[in-house]
Enquirer: 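Just dropping this structure here.
FYI, the numbering just counts along the sequence from 1. If you're wondering where the values come from, they're calculated on a predicted model, not measured in any experiment.
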Amino acid sequence: RRYRSWMLMLIISTFVCSVLIASFKFFAPGRFYTEDSTTKTEIFGSGDNGMSKIANQRRLEETLDYLVTKEVSDILTLLPNNTMSPQYMAATWIATFDQHSLNIPKADGTTPKDEYPFVQRYSLAVLFLSTGGSNWIYRLAFLTGVHECAWFQVFGSKDLPPGQGYVMGTWCDKNPGPLTERDRDDNLWESAIVTDIHF
């Protein structure tokens with residue numbers, strides 16, 4: 001009888017330990033984005049926004065404050081121990097690497113004109129990073145210094161007359177304006193669409 005009790009306890013503790021280990025692995029920082037020896041410079045490009053390190057640190061803090069306060073992204077994805085999450089990387093990119101250098105909207109809502117372009121650009125950066133964009137067959141100008149309405153590429157086809165082609169990427173009704181469509185069929189997609197892009 002004692003033997004059975006010990007065996008039962010051993011089986012239950014093994015099961016509990018296995019569940020805990022699996023949970024830690026599943027929810028570990030960077031779980032949904034793996035760098036595979038690719039550095040941020042390789043993903044974001046070698047340039048930066050031309051601002052000082054102190055200015056960029058302030059911009060990153062303001063960016064994280066805005067994204068959390070306005071609930072654009074879940075706070076867990078923007079914690080300092082989760083710097084490889086697509087959301088944290090997109091925040092880092094838009095605050096410190098992006099040569100487009102958008103104004104960071106104020107978390108108190110006093111700069112509403114800055115909010116829409118900022119959230120649109122950030123959301124598209126999250127989309128790119130969460131779907132393994134650095135491994136896409138075509139990068140389509142994502143995470144470049146041009147306006148996000150120009151993050152596309154035109155591909156020619158023998159089915160179309162000369163001078164015409166298919167547009168793949170993001171574009172807007174008018175430049176700059178709200179994003180209306182995105183074509184992702186011919187790229188490699190590695191993960192589920194994140195909720196941040198509903199903006």
Enquirer: Is there a side-chain contact between L143 and R139 in this structure, where contact means two heavy atoms from C-beta onward sitting under 4.5 Å apart?
Expert: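 The answer is yes; the side chains approach within 4.5 Å.
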Enquirer: Would you call S130 and Q87 a side-chain contact if the rule is heavy atoms closer than 4.5 Å?
Expert: no
Enquirer: Is a donor from one side chain sitting under 3.5 angstrom from an acceptor on the other, for E115 and Y66?
Expert: yes
Enquirer: Would you please say whether a donor-acceptor pair under 3.5 Å links the side chains of S73 and Y122?
Expert: yes
Enquirer: Please find the pair of heavy atoms, one from A90 and one from L129, that lie closest to each other, and give the distance.
Expert: N-CD1, 3.5 Å
Enquirer: State the CZ-CG distance between F97 and L60, to the nearest 0.5 angstrom.
Expert: 10.5 Å
Enquirer: Give me the atom names and distance for the closest heavy-atom approach of T110 to D108.
Expert: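 Looks like OG1-OD1, 2.7 Å.
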Enquirer: Can you check whether T111 reaches F118 side chain to side chain, under 4.5 Å on heavy atoms?
Expert: no
Enquirer: Got a second to check how far F142's CZ is from Q153's CD, nearest 0.5 Å?
Expert: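 One gets 11.5 Å once the value is rounded to the nearest 0.5 Å.
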Enquirer: Rounded to the nearest 0.5 Å, how far apart are CE of M89 and OG1 of T83?
Expert: 8.0 Å
Enquirer: Which residue is it: F128, F152, Y166, F155? I am looking for the one with a ring pair (Phe, Tyr, Trp, His ring centres under 6.0 Å) to Y138.
Expert: F155
Enquirer: Could you see if I94 belongs to whatever hydrophobic cluster contains I54? Use Ile, Leu, Val, Met, Phe, Trp, Tyr and a side-chain cutoff under 4.5 Å.
Expert: no
Enquirer: Flag the pair N82 / Y88 as yes when at least one side-chain heavy-atom distance between them is below 4.5 Å, and no otherwise.
Expert: no
Enquirer: Any idea which heavy atoms bring T63 and A91 closest together, and the distance?
Expert: CG2-CB, 3.9 Å
Enquirer: If you measure from NZ on K113 to CG on N103, what distance do you get to the nearest 0.5 Å?
Expert: 5.5 Å
Enquirer: Distance-only, no hydrogens or angles: does the T170 side chain make a donor-acceptor pair with backbone N or O of E148 under 3.5 Å?
Expert: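 Between the backbone of E148 and the side chain of T170 there is a qualifying donor-acceptor contact (under 3.5 Å).
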Enquirer: Nearest 0.5 Å, what's the CG-CG distance between L78 and L64?
Expert: 5.5 Å
Enquirer: Would a hydrophobic clustering, with Ile, Leu, Val, Met, Phe, Trp and Tyr connected at side-chain separations under 4.5 Å, put L140 with I137?
Expert: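 Per the 4.5 Å side-chain linkage, L140 and I137 are co-clustered.
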Enquirer: Would you mind checking if K106 and D114 are paired as a salt bridge, meaning a charged N to carboxylate O distance below 4.0 Å?
Expert: no
Enquirer: Say you draw a straight line from CG of L102 to CZ of R121; how long is it, rounded to the nearest 0.5 Å?
Expert: 5.5 Å
Enquirer: More than 12 heavy atoms of other residues, nucleotides or ligands under 6.0 Å from CD1 of I75: is that the case?
Expert: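 No - once you tally the heavy atoms of other residues, nucleotides and ligands closer than 6.0 Å, there are 12 at most.
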Enquirer: Answer yes or no: is there a donor N or O on one side and an acceptor on the other, between the side chain of T77 and the main chain of D74, under 3.5 Å?
Expert: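 Yes.
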Enquirer: At their closest point, which heavy atom of A107 faces which heavy atom of D65, and how far apart are they?
Expert: CB-OD2, 3.4 Å
Enquirer: Side chains of R59 and T96: closer than 4.5 Å at any heavy-atom pair?
Expert: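 R59 does not reach T96 side chain to side chain.
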Enquirer: Would you say the side-chain atoms of W151 pair up with the backbone N or O of A141, donor to acceptor, closer than 3.5 Å?
Expert: yes
Enquirer: Checking H147 side chain against C149 main chain: does a donor-acceptor pair fall under 3.5 Å?
Expert: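 Yes, H147 side chain to C149 backbone: donor-acceptor pair under 3.5 Å.
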